[in-house]
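To start, the structure itself, in structure tokens.
Lettering of chains follows the sequences in order, A, B, ..., and the numbering in each one begins at 1.
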There are 2 protein chains.
Amino acid sequence: MKPLQKPTSRSAARAENERLILEAAETVFAEHGFKGATTGQIADRAGIPKANLHYYFPTKESLYRQVVENIFRIWLDAANTFDDCDDPEVALTSYINAKMDISRRHPMGSKVWANEILHKAPVIQDYLETTLDEWTESRIAVIERWIAEKKMAPVDPRTLLYMIWATTQHYADFNHQIETLNAGKPLSEEQFETAKKTVVGIILAGVGIHPNGKGAGA
Amino acid sequence: MKPLQKPTSRSAARAENERLILEAAETVFAEHGFKGATTGQIADRAGIPKANLHYYFPTKESLYRQVVENIFRIWLDAANTFDDCDDPEVALTSYINAKMDISRRHPMGSKVWANEILHKAPVIQDYLETTLDEWTESRIAVIERWIAEKKMAPVDPRTLLYMIWATTQHYADFNHQIETLNAGKPLSEEQFETAKKTVVGIILAGVGIHPNGKGAGA
DNA sequence: TGAAGACTTGACCAATCGGTCAAGATGAGA
DNA sequence: TCTCATCTTGACCGATTGGTCAAGTCTTCA
């Protein structure tokens, strides 16, 4: 058996440094974009010299790619809540809530993603074409089945998904605008809960699901 | 009376050059962000030498500011369609349609705006705090009155506006993602019309307005 | 304990980019 | 036609920045 390492051993220090760098990088890339961010800025924020950052991540691009891959993993976790239940009311509610919570807790990740798409996805194009496309098509099929089973009104499934993505991510990507329109202050927990309930309410009613009533509207 | 100038006169050439530069700048700023865009790139796209660009716009920032102000003017025009009619069904429908059409026809402008907010609005913060804030508050008041008059269901007006902004702008800002998920092809006119109708339908039903029925749900 | 590898870091370099400049071309008015 | 202001442009400059390097320091393990 190999001996246990002290918490400050080589490998632990390495893991800790990589974590610090990735955390700093996520914020700096989110707020300045890939081009606007400098490795010096990221190193400063991580509290290490720039040369040391380049020891762990040889190029700015490799660091960026790692950040984007982490974000994509978080996104995929939330995507699974869509399948919590086969009832559209429960599935849509938990999916919207999960995405809203991610925007609240990981706004920087969402901003990096938005930047990527805005700049035509130079790094994540392959994810869009494979994982994201497959996920989207399979969920469209689920929604079409719900519609056929009269569990919800006949709406275009693709547009519904885009509305959910757009709205939930808006609370991260456009957070600065939302704060400015909220007297310059971040949304309180209460305000954010109101937003979540309102989004869920409008989407559910919008697709003809009325929690207190029965099925779909005509 | 001043003599008419030939079409290729000084002032006409100046106006034409400024238009070319602004058009090129909008696209390049949209796709690369402020930092990512280079004046050389913009000049190339406008078909003039870089030094000439700096003759018309002394600094990159002054050019950027002009682009953003043009975009804001277009945005304000669309905002007025909100007041076409005091009936929420008509007002919301025409506002959503106007914003969707802008995303379709001026996607670059929307992307520049998104970039600005993502980067904490270094150039347009004053617009957010004055014009946008006033517009938003006044429309929230209108929506609250509609709710009090039972013309629509009691939803949080702010969240409703954010959903409309997020969704309509998504079709410009995330156009690359939408294209990728559409087999790499731009949305056809027919697909885009479907999207518009679906968004209007979900929002109207979401706030309890049923065009074929009467007023609001409880 | 000492050798070898892993990590740290200040100094440095080449490339890029925003902006300048001076010399010339062009058009309008007298 | 002459003059002057406007416009055009290639060459250039200083600042920034991604990335390198060599000279160290620290851990680990035989």
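Between B:Lys35 and C:dT16 there is no side-chain N or O to OP1 or OP2 distance below 4.0 Å. Here B:Arg14 does not reach the OP1 or OP2 of D:dT6: none of its side-chain N or O atoms lies under 4.0 Å away.
The side chain of A:Tyr55 has C:dC7 as its nearest neighbour among D:dG18, C:dT20, C:dC7. The A:His54 side chain lies nearest to D:dT20 when the options are C:dC7, C:dG19, D:dT20. Out of C:dT8, D:dT8, C:dG19, the shortest distance to the side chain of B:Thr59 is found at C:dG19. Distances from the side chain of A:Ala51 to the nucleotides C:dT20, C:dT8, C:dG10 place C:dG10 closest. Distances from the side chain of B:Thr38 to the nucleotides D:dT6, D:dT20, C:dG18 place C:dG18 closest.
Atom CG in A:Leu63 sits roughly 11 Å away from atom P in D:dG18 (whole-Å rounding). Regarding A:Asn17, its CG atom lies at a distance of 5 Å from the P atom of C:dT8, rounded to whole Å. Between the CD atom of B:Glu61 and the C1' atom of C:dG18 there is a distance of 12 Å, given to the nearest Å. Between the P atom of C:dG27 and the CD atom of B:Glu16 lies a distance of 16 Å, rounded to the nearest Å. Atom CD1 in A:Ile48 sits about 8 Å away from atom P in C:dT9, given to the nearest Å. Counting to the nearest Å, the P atom of C:dG10 and the NZ atom of A:Lys50 are 12 Å from each other. Rounded to whole angstrom, the span from the CG atom of A:Asp44 across to the P atom of D:dT17 amounts to 11 Å.
B:Gln177 and A:Trp113 share a donor-acceptor pair across their side chains, judged by distance under 3.5 Å alone. Using modelled atom types and a 3.5 Å distance limit, the side chains of B:Glu69 and B:Tyr64 yield no donor-acceptor pair. Judged by distance alone, the side chains of A:His106 and A:Glu26 never bring a donor and an acceptor atom under 3.5 Å apart. Looking at B:Glu31 and A:His119, their side chains never bring a donor and an acceptor atom within 3.5 Å of each other. Donor-acceptor pairing under 3.5 Å is lacking for the side chains of A:Asp156 and B:Thr194.
Contacts of B:Ala43 with the nucleic acid, taken as non-hydrogen atoms under 4.0 Å apart, are absent. Residue contacts for B:Tyr56: at a heavy-atom cut-off of 4.0 Å it reaches the sugar-phosphate backbone alone, with no base atom in range.
With DNA chain C read from its 5' end, the first of the two nearest nucleotides for B:Ala37 and A:Asn52 is the one closest to A:Asn52.
No hydrogens or angles were tested; on distance alone, nothing pairs the side chain of A:Lys60 with the base of D:dG19 as donor and acceptor under 3.5 Å.
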